[in-house]
Every structure is written in structure tokens, then in C-alpha cells.
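Heads up: the structure comes next, in C-alpha cells.
Remember, it's a predicted structure, so these values are computed and weren't measured experimentally. Chain letters run A, B, ... following the sequence lines, proteins first and then strands; every chain starts at 1.
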Number of protein chains: 2
Amino acid sequence: MTLAEIAKRAGVSSAVVSRIINGDKTLRVSAETRARVEAIVRDVNYAPNVAAQTLRSSKSGTIAFVVHDVANPVYGEILRGAQEEAERQHKALILGDAAAGNASNSRLAQLIGGGGVDGLILQAAGLQSDNLILRAAHEKVPVVQLQADLGMGDHLIQLPDAKAAAVATRHLRDLGHRRIGCLATAKGLTFTEDRLRGWRAVMGADADPDLIAHCGPRAVEGEAAFKALLDRQPGMTGLVCFNVISAIGALRVARARDIAVPGDLSIVSIHDVKFAQDLWAPLCVVRMPLAEMGQAAIRTVCGGDAKTPTRTTIAADPELVIRNSTAPPRS
Amino acid sequence: MTLAEIAKRAGVSSAVVSRIINGDKTLRVSAETRARVEAIVRDVNYAPNVAAQTLRSSKSGTIAFVVHDVANPVYGEILRGAQEEAERQHKALILGDAAAGNASNSRLAQLIGGGGVDGLILQAAGLQSDNLILRAAHEKVPVVQLQADLGMGDHLIQLPDAKAAAVATRHLRDLGHRRIGCLATAKGLTFTEDRLRGWRAVMGADADPDLIAHCGPRAVEGEAAFKALLDRQPGMTGLVCFNVISAIGALRVARARDIAVPGDLSIVSIHDVKFAQDLWAPLCVVRMPLAEMGQAAIRTVCGGDAKTPTRTTIAADPELVIRNSTAPPRS
DNA sequence: ATGTTTTGGTAAAACGTATTACCATGTGCT
DNA sequence: AGCACATGGTAATACGTTTTACCAAAACAT
């Protein structure tokens with residue numbers, strides 16, 4: 001059912017129908033005509049063709065949201081916040097998963113390049129598909145990067161990452177730990193470097209670079225990195241993990257090697273997830289407002305002003321959630 | 001940059017450009033002209049306007065995927081499978097979260113009603129927003145429902161749910177359990193009823209309806225339902241959970257009440273998740289191919305034939321993954 | 001009776017693409 | 001010379017909406 005058909009039924013021009021539907025205040029029309037049109041619109045359950053609207057207005061009412069692993073609960077939380085705010089702004093989210101398949105979201109890239117989305121939110125991971133998507137969007141559509149700045153002059157939203165790492169490390173220091181390992185995320189990413197700064201600041205003179213291990217976001221990578229770290233730092237009594245998934249990897253290794261947590265090793269992770277308390281060792285974490293970041297991303301994308309890139313840091317203080325994975329070092 | 005602009009630069013009509021880009025075999029054009037056009041297209045990094053294409057072709061290249069909780073790892077897995085297959089089919093996924101906000105995906109509903117998507121995949125949960133979305137899509141676009149049939153004559157994809165529940169229950173019976181509780185999902189949903197049938201079939205004469213408790217998909221609901229069940233069935237030694245999240249709820253209650261798992265209570269859950277082995281008690285589960293279901297959903301949506309609804313059951317046998325949450329009953 | 005304003009609309013263009021039908025011109029054949 | 005046919009394209013239209021500019025008729029004022 002199109003505007004024209006409705007117009008024909010009502011015996012008016014399609015302009016009238018369109019203007020009534022869109023509440024055009026400058027339209028003067030008799031009460032009867034208005035009622036007649038409205039009745040028909042309701043009757044046939046008219047739904048305007050979105051492609052035509054998009055073509056006319058250059059606004060699609062959709063936003064691309066690209067993460068690198070939908071199944072990761074941390075991104076799920078960001079996504080939830082974004083979804084809620086998108087609903088408020090009357091936008092729909094198109095989901096991109098940089099890790100899905102080896103290809104690079106080909107249709108999504110077309111949508112981005114071809115005016116099919118009003119903006120792009122990218123949680124980058126340093127994959128080259130990130131750069132592909134980014135290039136497609138650049139200068140065409142507002143782009144918001146989450147947590148990591150790939151240096152293309154886009155909007156950036158950050159969490160208080162340095163502070164979060166500092167809080168985690170401080171907690172272990174306060175318990176008396178001195179050899180505190182750092183199971184970090186991929187080198188070079190903005191939030192990785194920020195968190196490393198936080199860890200170093202608290203460690204002070206104890207900030208031995210050899211205590212740092214980097215790994216990807218999958219549990220098996222976390223396991224491998226932690227094994228290596230443990231082998232070269234047997235005296236380590238505390239561990240700060242930048243990624244809750246890698247923390248799970250560390251827990252697996254600890255359990256396999258009969259390392260008591262928190263007896264022999266205290267672990268703090270960054271980012272809370274729903275089931276952290278249900279793990280083999282209830283995981284002590286530093287919580288940051290992930291959903292709020294998703295929300296802020298949508299706001300920034302919708303807030304126009306594509307020209308002047310903004311850097312936003314979510315204001316809330318990182319919150320230490322103490323659970324039974326930390327304790328003073330043995331003797 | 002539009003077709004027309006490129007055409008002007010190349011000194012041809014836009015028809016030629018369009019037909020070159022789309023590989024029209026019936027187009028006869030000189031090699032030089034073709035090369036010239038292709039060079040310009042490459043040069044300006046031409047990206048066709050998707051709204052115009054959609055308007056012209058009535059194909060948007062997007063599919064709506066609606067779940068009720070993005071953050072639930074089980075849906076994450078389905079989504080991953082769907083995403084991969086969508087990439088293969090060159091489609092983008094528009095994500096709907098029935099639970100996000102109290103509103104009901106207003107823009108998504110418009111997209112669905114207005115030709116903005118080529119199909120809808122719905123993981124229903126019995127919310128009324130499900131019906132809203134479904135009505136918007138009905139008769140306009142192919143609809144695939146996952147696991148639960150809301151009875152609108154759409155395509156349906158199912159897992160071997162009865163068998164899965166039977167496998168779980170059988171495992172406990174084989175260990176010697178007789179009083180086996182059933183922490184089920186919401187009443188009336190197709191997969192709930194299927195799984196109940198599986199449980200009943202194995203329980204035989206022991207299938208006391210009082211052993212069944214229903215609960216929603218959140219951990220706190222699982223906790224409450226399990227508490228009630230435990231209070232009225234103190235002799236229960238085994239538990240089958242239809243939802244891994246409710247299983248986590250049960251584990252919480254067990255830990256709080258000093259009920260040993262698997263010593264005092266054996267638990268089997270339906271659906272495996274990445275961290276099941278990392279829980280307080282490594283959770284024994286029945287695994288079904290969730291990603292494959294997501295994949296099948298995309299295939300069905302893209303497979304045309306919107307007219308004749310199909311029922312597909314994923315063929316693979318449910319796989320029992322034994323972990324340390326089950327044991328023979330105490331004496 | 002003529003000029004002005006209000007009422008109640010309408011006509012037309014534009015957004016960018018894909019496709020169908022058509023058409024000059026040149027070339028080869030007889 | 002006259003005809004057919006291949007070559008290398010082009011013109012026009014439709015998809016459905018929104019918006020601007022305009023306009024006839026009626027009401028009102030003088």
C-alpha cells in the first residue's frame with residue numbers, strides 16, 4: 001500500500017496524505033478530509049516504504065554497531081546499553097561482527113558506504129577488517145570509536161581505564177602483594193596502554209616489564225599467556241587481568257596446576273560480568289559502566305556535529321567489586 | 001558520488017555505468033569505454049546508494065534478527081551462526097532486542113513493515129512485543145521462528161528438544177537417581193513442552209508433576225524457582241535445567257545452602273556455554289548445535305518460498321557433555 | 001463591483017538506481 | 001545500390017516519499 005493508493009481512495013492528492021501523516025503544521029485541510037484520510041491510513045495499516053523515505057531524506061534511521069565477538073558478555077553489555085538508547089532515539093541497530101567468518105561484513109560495508117546507515121559505532125580490536133569498515137564510513141557518516149583510537153580523527157568514547165587498572169592494582173598492593181602480574185590485552189590499543197599506565201603508576205618501582213603478558217580476547221589465548229607468565233615469574237602472588245575472558249583462562253590454569261585462588265594467587269579482573277560470582281573462584285573485578293558507554297555512543301552518533309570530533313570519557317568512577325579471588329599473600 | 005556524475009565524467013549515459021557495474025551480459029560496449037568507466041568507478045571509490053537500490057529492487061539485503069536478551073550467551077551463539085551465514089549470503093543483520101527498554105523496537109517494526117528488511121527471524125519468548133513484531137512482518141516478508149511456534153503459520157526451526165531432555169534425564173537415571181527435578185522454562189512455549197515430554201518419557205512412573213518448576217530466563221528467577229522446588233521436594237537428588245542461566249541460579253542456591261554438587265545434588269543443564277566448565281561446579285550439559293540453528297534460520301529466510309511454511313528440525317543428536325556436576329546419589 | 005485574503009488543497013520535482021525498449025551509424029553481403 | 005545485421009550505446013520510466021511553490025475558489029473588505 002502506497003501513499004498514492006491511499007490518496008486515490010480518499011480522493012485527494014498524495015501530498016495531502018503525506019502531510020497529514022507527518023503532521024505538517026502548515027497544511028490547511030478540512031476536518032472531514034483529515035478524518036477520512038486518517039481513517040483509511042489506519043484501516044489499511046499503512047506502513048511507509050522506508051527505502052523511499054531514506055532516499056528522499058538521506059536518513060535511514062539505522063546505526064551500524066560493530067564489535068569483534070557478539071558472544072563475549074562484555075560486548076553484550078555494551079550492546080544492551082546501545083540498544084536501549086537506540087530505542088529511545090528511534091533508531092535500529094545493524095550488527096557487525098568483525099570476527100564472524102573470515103570475510104569482513106561485506107554487505108554491512110556496502111550499507112555504510114551507500115548511505116544505508118546514519119552512523120557507525122566501532123569497537124576496534126586492531127583487526128584489518130576494522131580499518132576496512134572505518135575507511136568505508138570515513139567522511140560519509142559520523143563514526144564513534146569505543147575505547148580504542150585508530151587515529152582517523154573520529155569521535156572517541158573512553159572509560160576511565162587507567163584509573164580502573166590502578167584500582168585493581170591498588171587493591172592487591174593494599175593486601176600486601178608486591179609481585180603482581182599483568183595479563184594485558186593486545187598491544188597498542190588505546191585502552192591497553194591506558195590500563196598499563198594505571199598498573200605502572202601503582203606498582204612504582206616494582207613495575208617490572210617482565211610481569212606483563214599480552215594476549216587476545218579468547219580463553220585459550222589467556223591460558224597460554226598466563227602459563228608463560230607463570231613459568232617465568234614463579235614468585236608472582238597477584239594478577240591483574242584486563243579482560244574477564246583471559247581471567248577465566250588464568251583460572252583454568254590455576255585449577256589445573258593446583259594453585260589455590262586466592263590462597264596462592266590473588267586475581268582481579270577488569271569488567272564485571274553476570275556470572276563472575278559463579279566461577280570456580282568468585283572473581284573480584286573492577287566494574288565500569290559498560291551499558292552507559294553504549295548509550296553514550298548512540299548519543300554521540302545521533303548528536304550530529306560530524307565535523308568536530310569529540311573525546312568523551314565516561315565520568316563514573318571504576319568500582320571495585322570484592323569477591324573471594326583475592327586475599328593477602330601467604331606469609 | 002552518483003551514477004549520473006560518473007556517467008558525466010566518462011562521457012556516457014548512466015545506463016552504461018550501471019550496466020557495467022552490474023555486469024550486464026547483454027551490454028555491448030567498446031573496450032575503451034568500459035575501461036574508462038571502470039577506472040573512474042574505482043577512482044572515486046563509488047558506492048551505490050542502497051536506499052535507491054532497495055527502492056528499485058524491493059530487496060534491502062538485510063534481515064531482522066530478534067532475540068529477547070542479547071547478553072544471554074546462548075543467544076550469542078545462535079547469533080554467531082546467523083551472522084556467519086548472513087555474511088555468506090551477503091546480508092546484514094539488524095538486531096532487535098525484545099527486552100531492551102520497555103518499548104518494542106519501534107524503528108525496527110517500521111523497517112519490517114516498510115520493506116526495510118528481507119526477512120525476520122524471531123526467537124520468541126511469549127512477550128507481547130513478539131506478537132507486535134510478528135504482526136508487522138506477517139504476509140510482507142518471510143518469517144522464521146526459532147524453537148517456539150506462536151502459531152501464525154510461519155517457518156519454524158526446532159532443535160531435538162525432547163531428545164535433549166531425555167538424554168539429560170537418562171544420564172541421571174543411569175547414575176541411579178529417581179527423584180529428578182525439572183527446572184523448566186516458561187510454560188506453553190513449544191520447546192518447553194517438548195523438553196517436558198522428554199523428561200516425562202524417561203521418568204516413567206516417577207514423573208511426578210510436583211517435581212516440575214517453571215521460571216523465566218534470568219538467574220534470580222532461577223534461584224527463586226529452585227528454592228521453592230527444593231523446599232517442597234527435599235528428597236530430590238537430581239535436577240535437569242532447561243536453561244543454563246537458571247542452572248546458574250540453582251548452583252547459587254546450592255552453594256548458599258551448603259548443598260554439595262554433585263555430592264548431594266546432581267545437575268544437568270540444556271545448552272552448553274563457553275564458561276560452563278569454569279563454574280563453581282563444572283556444569284554437565286547437553287549440547288545442541290545452536291550456531292547451526294542460526295545458520296539454518298538465515299538459509300530459510302533467504303531460500304525464498306515465503307508461501308509454504310516449513311518446519312525444520314536440526315538433525316544432529318544432542319550430545320551429553322559430562323562434567324563434574326553429576327554423580328551417583330549418596331547411598 | 002473590484003481588490004485582498006483565507007481556505008483547501010494540488011502539481012511537480014527530486015532523491016539515485018535498474019531496466020526495457022529503442023536507435024543511430026557503420027559494415028558486410030549480394 | 002539496397003538490405004540486413006552487428007556495434008555501441010541512449011532515453012525514458014518506475015520505485016514511493018517529501019516538500020516547495022503555486023493556485024482556484026470562496027469569503028471578506030471597501
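- Distance Gln110(A) CD to dG16(C) P: 18 Å, rounded to the nearest Å.
- Distance, Arg28(A) CZ to dA24(D) P: 22 Å, rounded to whole Å.
- Contact annotation for Ser14(B): no contact, since no heavy-atom pair falls under 4.0 Å across all strands.
- In terms of modelled atom types and a separation under 3.5 Å, the side chain of Asp24(B) and the main chain of Thr26(B) share a donor-acceptor contact.
- Residues of residues 43-57 of chain B that place a heavy atom closer than 4.0 Å to DNA chain D, in numerical order, are Leu55(B), Arg56(B).
- In this entry the distance linking CD1 of Ile20(A) with C1' of dT17(D) reads 15 Å, nearest Å.
- A salt bridge links Glu85(B) with Arg88(B): the closest approach of a Lys/Arg side-chain nitrogen to an acidic carboxylate oxygen falls below 4.0 angstrom.
- To the nearest 0.5 Å, atom CG of residue Asp118(A) and atom SG of residue Cys302(A) are 7.5 Å apart.
- Between Gln110(A) atom CD and Leu108(A) atom CG the span is 9.5 Å, to the nearest 0.5 Å.
- Of the charged side-chain nitrogens involved, none lies within less than 4.0 Å of a carboxylate oxygen, so that Asp97(B) and Arg80(A) do not count as a salt-bridged pair.
- In this structure, the CG atom of Asn22(A) is 7 Å from the P atom of dT19(D), given to the nearest Å.
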Close N/O contacts between protein and nucleotides 20-25 of chain C (under 3.5 Å):
none

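- With values rounded to the nearest 0.5 angstrom, Leu189(B) atom CG is found 9.5 Å from Gln147(B) atom CD.
- No donor-acceptor distance shorter than 3.5 angstrom exists from the side chain of Gln145(B) to the backbone of Gly151(B), with no hydrogens or angles considered.
- In this structure, Ile6(B) places its CD1 atom 11 Å from P of dA18(C), rounding to the nearest Å.
- OP1 or OP2 of dT10(C) sits under 4.0 Å from a side-chain N or O of Ser13(A).
- The distance from the NE2 atom of His138(A) to the CG atom of Leu120(A) is 11.5 Å, given to the nearest 0.5 Å.
- Among the heavy atoms of the strands lying under 4.0 Å from Leu3(B) are primed sugar atoms or P, OP1, OP2 only; no base atom is included.
- Residue contacts for Val16(A): at a heavy-atom cut-off of 4.0 Å it reaches a base atom on one of the strands shown.
- For Ser30(B), a side-chain nitrogen or oxygen approaches OP1 or OP2 of dG9(D) to under 4.0 Å.
- Whole-Å rounding puts the Leu27(B) CG to dT7(D) P distance at 12 Å.
- More than 12 heavy atoms of other residues, nucleotides or ligands sit less than 6.0 Å from atom CZ of Arg19(B).
- In this structure, the NZ atom of Lys140(A) is 12 Å from the P atom of dG16(C), given to the nearest Å.
- Taking only side-chain nitrogens and oxygens, Thr2(B) never comes nearer than 4.0 Å to OP1 or OP2 of dG16(C).
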